[in-house]
Amino acid sequence: DPKPDEATSTQKTWILNYLTSFINTLKGASFADPVNGYSQYIDAGSFMDHFWLQEMMRNVDAYVVSAFMFKDRLGKLHVGPLWDFNAALGHMNFMSGEYTAGWDYPLRGFDPVANIFPRLRQDPEYELALWDRWFDLREYEFSEEKLLGDIDYYADYLDEALGRNNQRWPLLGIKILFENGENDLGNVYAYPTYQEHIDAMESWLVARLDWIDSQFWGTPVIFNKDGGEVNTGFSLTMTRPAGKTGTIYYTLDGTDPRQPYTGAAVGTTYSGAITLTQTVTVKARYKSGTIWSALNEATFIVGSPVVINE
């Protein structure tokens, strides 16, 4: 509220000034200042989630023609709502949408919204938090099991309607060209069967996830259990991913073992199995030189084992 055609000139001027101040701050030398920088204007988490959803799907319409923002009264600027993903998941050979490798946002450098994201990534704190968010999402929401399971569920749900849809619009096996058909731009998938479309989309998505995973040096520390209920005395172990080097630091009180902005290690150095005797939230990273890994976080609910006597 209000709708655009209902907004007063005063309201329009206010939001324009707010956006202008944000963009000017983002362009400034002190844009990453935690108090006076961009963070005073935007909800950074919403920008991260928007970025990862668009990049994971490699949405041809991302950032430019299907980008919206909103701001609640007294709140910060958010990106959203999300929509318009019909030209995603490798479906279009336009704007490199068919490729599983490569970032999407640099291809839209002509657009002021798209240009927000590379600037944010120049802030080391934002960049690390961005990767923390990615690997957190990969634990469940963006896991292959969850994503492919969702695709299979909806493909099965829509299967009954497929025959009627194809009877009304017989498009299976046909390459639909983009607009006037110049340059052979259009849909990549032109398979004769519904299942081949699903298989191709799922294969593309798995490859895309793997490529994004490979773009960050410090994949998270590995716990021998991903949180949950454990018995008193449970031994928690931590290891670095294969091929990674550095010292593991951890905390048991839910704080980050890395100090923001200074990058100093403020956690405990991991030297062996940790015996858990009470419920804790564990956070861990490893550090190699001055470079930190992404975060792993898990809550362990510690209780006595239940013994049933007959």
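Heads up: numbering here begins at 1 and tracks the sequence. Just so it is clear, the values below take in all heavy atoms, side chains as well, and ignore hydrogens, waters and symmetry mates.
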**Pairs where residues 88-108 contributes a residue and the test salt bridge (charged side-chain N to carboxylate O under 4.0 Å, His left out) is met, not counting sequence neighbours** = Arg58-Asp104, Asp104-Arg108
**Asked** What pair of heavy atoms forms the shortest contact from Glu6 to Gln11, and how long is it?
**Response** O-OE1, 4.4 Å
**Prompt:** Are any non-hydrogen side-chain atoms of His91 and Val60 less than 4.5 angstrom apart?
**Reply:** no
**Fill in**
Heavy-atom closest pair (Leu209 atom, Leu147 atom, distance to 0.1 Å) is CD1-CD1, 3.9 Å
**Message:** Working note: Arg208 + Ile212, criterion side-chain contact (heavy atoms from CB on, under 4.5 Å); need CA distance, chi angles, decisive distance, verdict.
**Reply:** CA-CA 6 Å; Arg208 182 65 175 162; Ile212 294 177; 4.1 Å; yes
**Prompt:** Within 45 degrees of the axis of the six-membered ring of Phe234 and under 6.0 Å from its centre: does Lys225 put its NZ or CZ there?
**Reply:** no
**Prompt:** Are Val282 and Ile222 connected, step by step, through hydrophobic side chains (Ile, Leu, Val, Met, Phe, Trp, Tyr) whose heavy atoms are closer than 4.5 Å?
**Reply:** no
**Prompt:** Should we count CD of Glu141 as having more than 12 external heavy atoms under 6.0 Å?
**Reply:** yes
**Item:** Heavy-atom pair of closest approach, residues Gln40 and Lys76
**Value:** O-CE, 3.9 Å
**Prompt:** Within a strict 4.5 Å, meaning less than it, do heavy atoms of the Thr269 and Tyr249 side chains meet?
**Reply:** yes
**Item:** Donor-acceptor pair between Thr299 and Thr281 side chains, under 3.5 angstrom
**Value:** yes
**Prompt:** Pick one: which of Asp253, Leu295, Leu252 meets side chain to side chain contact (heavy atoms under 4.5 Å, CB included) with Lys283?
**Reply:** Leu295
**Message:** Applying side-chain contact (heavy atoms from CB on, under 4.5 Å) to Asp33 and Tyr261, what does each step give before you reach the verdict?
**Reply:** CA-CA 10 Å; Asp33 185 277; Tyr261 299 99; over 6 Å; no
**Request:** Work out which heavy atom in Leu26 is nearest to a heavy atom in Leu120; give both atom names and the distance.
**Result:** CD1-CD2, 3.8 Å
**Item:** Audit row: Leu107, Ser96, side-chain contact (heavy atoms from CB on, under 4.5 Å) steps and yes/no
**Value:** CA-CA 9 Å; Leu107 302 176; Ser96 298; 3.8 Å; yes
**Prompt:** Which pair of non-hydrogen atoms, one from Trp292 and one from Pro257, has the smallest distance, and what is that distance?
**Reply:** CH2-O, 3.8 Å
**Request:** Could you check Trp103, Phe117, Phe68 and say which one makes a ring pair (Phe, Tyr, Trp, His ring centres under 6.0 Å) with Tyr63?
**Result:** Phe117
**Asked** Are Leu82 and Tyr105 joined in one hydrophobic group, where the rule is that I, L, V, M, F, W and Y side chains link up if heavy atoms are under 4.5 Å apart?
**Response** yes
**Side-chain heavy-atom pair Arg285, Leu128 within 4.5 angstrom cut-off** = yes
**Request:** Under the side-chain hydrogen bond (donor to acceptor under 3.5 Å, both in side chains) rule, collect the residues that match up with Trp131, sequence neighbours excluded.
**Result:** Glu127
**Item:** Derivation of the side-chain contact (heavy atoms from CB on, under 4.5 Å) call for Leu162 and Leu158
**Value:** CA-CA 6 Å; Leu162 176 63; Leu158 296 170; over 6 Å; no
**Message:** If the test is side chain to side chain contact (heavy atoms under 4.5 Å, CB included), which one of Leu236, Thr239, Thr237 qualifies with Tyr270?
**Reply:** Thr237
**Message:** I'd like to know if the side chain of Arg164 pairs up with that of Gln167 as donor and acceptor (distance under 3.5 Å, no hydrogens or angles considered).
**Reply:** no
**Request:** Determine, using the 4.5 Å side-chain heavy-atom cutoff (strictly less than), whether Leu16 and Ile116 are members of one ILVMFWY cluster.
**Result:** no
**Message:** Do Ile198 and Tyr189 make a side-chain contact, defined as non-hydrogen atoms from C-beta onward lying under 4.5 Å apart?
**Reply:** no
**Request:** Could you tell me whether Glu139 and Lys146 make a salt bridge, using a distance below 4.0 angstrom between a side-chain N and a carboxylate O?
**Result:** no
**Partner of Tyr41 by ring pair (Phe, Tyr, Trp, His ring centres under 6.0 Å), out of Tyr18, Phe47, Phe31** = Tyr18
**Asked** Would a 4.5 Å heavy-atom cut-off, applied to side chains only, mark Met56 and Leu137 as touching?
**Response** no
**Asked** Below 4.5 Å, heavy atoms only, C-beta onward: do Trp217 and Lys244 meet side chain to side chain?
**Response** yes
**Message:** In the structure I gave you, are the side-chain heavy atoms of Gln54 and Val79 within less than 4.5 Å of one another anywhere?
**Reply:** no
**Request:** Could you pull out the closest heavy-atom pair between Phe135 and Asp213, with the gap in Å?
**Result:** CE2-OD1, 4.0 Å
**Prompt:** Using a distance-only test with no angle check, is there a side-chain donor-acceptor pair under 3.5 angstrom linking Asp61 and Trp83?
**Reply:** no
**Message:** Side chains of His78 and Asp72, heavy atoms from C-beta outward: is any pair under 4.5 Å?
**Reply:** no
**Asked** Can you tell me if Tyr38 and Asp123 form a side-chain donor-acceptor pair at under 3.5 Å?
**Response** yes
